[in-house]
Each structure stands twice: as structure tokens, then as C-alpha cells.
Amino acid sequence: MGRGGRLAVLGVLLAVAAGLVVFTVMAFIRTSPSTVDFTTGHQPGAPVDLTLQTVGSIGFGPHPSWVSYLTQDPSGQWVHTTLWDLPAHTRVNVTIYQYDSGSPLRNQQWGQVTGTLGDDATLNGKTFQVYNSNTGNGVGHTFSIPTLGISVPLVGNSSSANLCAQAPCTTKSPHNIVKFSFMTPGPGQYPWQCFVPCGLGFLYGNGGPMQTVGYMGGFLKVVA
Ligand SMILES: [Cu+2]
């Protein structure tokens, strides 16, 4: 093969490589979870209502058996995402429908409510500041924003109950309702996550859904 021929082959190979890179990047962008926008039309000073649910197995998508959070968008639709645009310096009233079971915490620290307004939360309407996970059905997940010092334990349902395994779950399934409020800080990206190693089947329970945005963690995208 002459020099021109070899250059032509090289050119084709480079084009294929570039195409593969573009395809991979686009595939990644396409599958990454969407962001629910709570900023459009927000009146300064008004609180934002953020409603979430946790489910023991999402029941659809690439990992149907994975544990997950879901977010209710402002129109009331449940979205499989953990990414939110939120206004800065704004009160966020969080409601979490917990449809999963629980277990004793490996670290009792995570039984504490910290960083919320009043340093407390409500569990099915009753105010609490700490939950002893060695009692009752234990704790299924936490909602934690480490950089803001916020953490709230999500008390589990009885594992012998007929638990929801197909999101979005409805209140017909056994559930606990956990409510609390916090203030968003200034603009920035703040990671949040669950600290209960609930990634069943992964090393120490910390792989899979515990490491994947859209399942057991996400970001607050706080905008001015
Ligand atoms: Cu979890």
C-alpha cells in the first residue's frame, strides 16, 4: 500500500474513533437523569415544596431491582431523578414518602435529625429529633446534605408487609411520611445522598444505587 493509501486508512480509523467518542458522550448525556426545576415562576421569599419518595426496587429502567429515590415535579408527576434546581436562600419544605423496609443502623449517628429548621422532623405527624433504629422497623435510608450539615433518618416499614416494588408507589402501599424544612444556601452545587448502605448485593452495600446519581444520591443546583 502506498503512502496515500496508508494515510487514507489512518484517516478512516481516526474518523471511526472520533465517532465512537461522540456516540459515547451523547449516550451518557442522554441517560443521565433530568433536573426538576423549582425556580421558574418562584416568588422571592415563598417556600418551595419538595416531595420525594423512596422505593425498595424502582421496577423499571436499566436497574429495575435497585433501591431509589424519586422526585415529584411541580405539575405532580413523579420523575426518576435526584437533581433539582432550587432558588437560593429559600425555605424548602420537604415531604418524603418512605415505601421501603428498614434495619438497625450500623452507625447510630444516622438516627439523628440535624441541620433542619428546628433541628427536628416529623414522622407521620409526630415530631422527633432522634430515632432509635434498634426499635421498630429500623431505618431504611437517610436524606443527607453533608456540606449543609443536614441529615434525616427515614424510618422503615415492616419487611413482612406487602411493600411497593414498582415505582412510582402510591399511598395504598405501606409507607411512612417524613417531613422537615431547611434553608438553601447561596448559589452552588450541593451533593446529597443516603448514608444507609442500602445497595443490596454490592460490596458492603455501598455500590450500585449508592454510587449512582438518580438512585441514592444527587445534587441541589442552587441558583441566585
Ligand atoms: Cu438508601
(message) How close do L70 and A167 get, counting heavy atoms only, and between which atoms?
(response) CD1-CB, 3.7 Å
(request) Kindly write out the residues that satisfy ring-ring contact (aromatic ring centres under 6.0 Å, His included) with F128, not counting sequence neighbours, or none if the list is empty. (result) none
(message) Please check if the number of heavy atoms outside N162 that lie under 6.0 Å from its CG is greater than 12.
(response) no
(message) Give me the atom names and distance for the closest heavy-atom approach of V130 to Q112.
(response) CG2-CG, 4.0 Å
(message) Main chain of V67, side chain of S57: is a donor-acceptor contact present, judged purely on distance under 3.5 Å?
(response) no
(request) Taking the side chain as every heavy atom from C-beta outward, state whether T51 and W78 have any atom pair closer than 4.5 Å. (result) yes
(request) Identify the heavy atoms of P185 and L148 that sit nearest to each other, and give their distance. (result) CG-CD2, 3.7 Å
Which donor-acceptor pairs under 3.5 Å do side chains of residues 117-124 form with protein atoms, sequence neighbours excluded?
| unit_1 | atom_1 | unit_2 | atom_2 | d |
| --- | --- | --- | --- | --- |
| D119 | OD1 | G115 | N | 3.2 |
| N124 | OD1 | I177 | N | 2.7 |
| N124 | ND2 | N176 | OD1 | 3.0 |

(message) In this structure, would Y97 and L52 fall into the same cluster of hydrophobic residues linked by side-chain contacts under 4.5 Å?
(response) no
(request) Look only at the side chain of T184 and the backbone of T90, and say whether a donor-acceptor pair between them is shorter than 3.5 Å. (result) yes
(message) Under 3.5 Å, is there a donor on one side chain and an acceptor on the other for D37 and T40?
(response) yes
(message) Count I, L, V, M, F, W, Y as connected when their side-chain heavy atoms are under 4.5 Å apart, and connections chain through other members. Are L154 and I150 then in the same cluster?
(response) yes
(message) So, taking the atom named OG1 in T116 and the one named NZ in K179, what distance separates them when rounded to the nearest 0.5 Å?
(response) 14.5 Å
(request) Verify, without hydrogens or angle tests, whether Q98 (side chain) and V155 (backbone) share a donor-acceptor contact under 3.5 angstrom. (result) yes
(request) To the nearest 0.5 Å, tell me how far H80 NE2 sits from T71 OG1. (result) 9.0 Å
(request) Any ring-ring contact (aromatic ring centres under 6.0 Å, His included) involving residues 158-187? Give me the pairs, sequence neighbours left out, ordered by first then second residue. (result) Y99-H175, F143-F180
(request) Check whether Y69 and W110 end up in the same hydrophobic cluster, where Ile, Leu, Val, Met, Phe, Trp and Tyr are linked by side-chain heavy atoms less than 4.5 Å apart. (result) yes
(request) Might you point out which heavy atoms bring S133 and V139 nearest each other, and give the distance in Å? (result) CB-CG2, 3.8 Å
(message) Let's go through V178 and Y131 carefully: what are the C-alpha distance in whole Å and the side-chain angles of both, what is the deciding distance for side-chain contact (heavy atoms from CB on, under 4.5 Å) to 0.1 Å, and is it a yes or a no?
(response) CA-CA 12 Å; V178 178; Y131 184 80; over 6 Å; no
(message) I'd like to know if F38 and V79 are part of one continuous hydrophobic network [Ile/Leu/Val/Met/Phe/Trp/Tyr, side-chain heavy atoms within less than 4.5 Å].
(response) yes
Pairs of donor and acceptor atoms involving the side chains of residues 188-199, under 3.5 Å and at least two apart or interchain, shall be tabulated with distances.
| unit_1 | atom_1 | unit_2 | atom_2 | d |
| --- | --- | --- | --- | --- |
| Y190 | OH | G186 | O | 2.7 |
| W192 | NE1 | T82 | O | 3.0 |

(message) With a 3.5 Å distance limit and no angle check, can you tell me whether T39 reaches the backbone of D85 through a side-chain donor-acceptor pair?
(response) no
(message) If you define the side chain from C-beta out and look only at heavy atoms, does anything of S34 sit under 4.5 Å from L83?
(response) no
(message) If you compare all heavy atoms of R91 against all heavy atoms of S181, which two are closest, and at what distance to 0.1 Å?
(response) NH2-OG, 3.1 Å
(message) With a 6.0 Å cut-off (strictly less than), is the heavy-atom count around CG of L200, excluding the residue itself, greater than 12?
(response) no
(request) Determine whether W66 and I96 fall in the same hydrophobic cluster, where Ile, Leu, Val, Met, Phe, Trp and Tyr are linked whenever their side-chain heavy atoms lie under 4.5 Å apart. (result) no
(request) Supply the atom-to-atom distance F60 CZ to S68 OG, rounded to the nearest 0.5 angstrom. (result) 7.5 Å
(message) If you define the side chain from C-beta out and look only at heavy atoms, does anything of S159 sit under 4.5 Å from N137?
(response) no
(message) Within this structure, what is the CG-OG distance for the pair L105 and S103, rounded to the nearest 0.5 Å?
(response) 7.0 Å
(message) Please give me the minimum heavy-atom distance between N93 and P47, naming the atom from each residue.
(response) ND2-CB, 3.7 Å
(request) Could you list all the side chain to side chain donor-acceptor pair (under 3.5 Å) pairs where at least one residue sits in residues 142-157, not counting sequence neighbours? (result) T142-S144, S144-S151
Donor-acceptor contacts, no H, no angles, side chain residues 202-224, under 3.5 Å, sequence neighbours left out:
| unit_1 | atom_1 | unit_2 | atom_2 | d |
| --- | --- | --- | --- | --- |
| T212 | OG1 | G208 | O | 2.7 |
| K221 | NZ | T35 | OG1 | 2.8 |

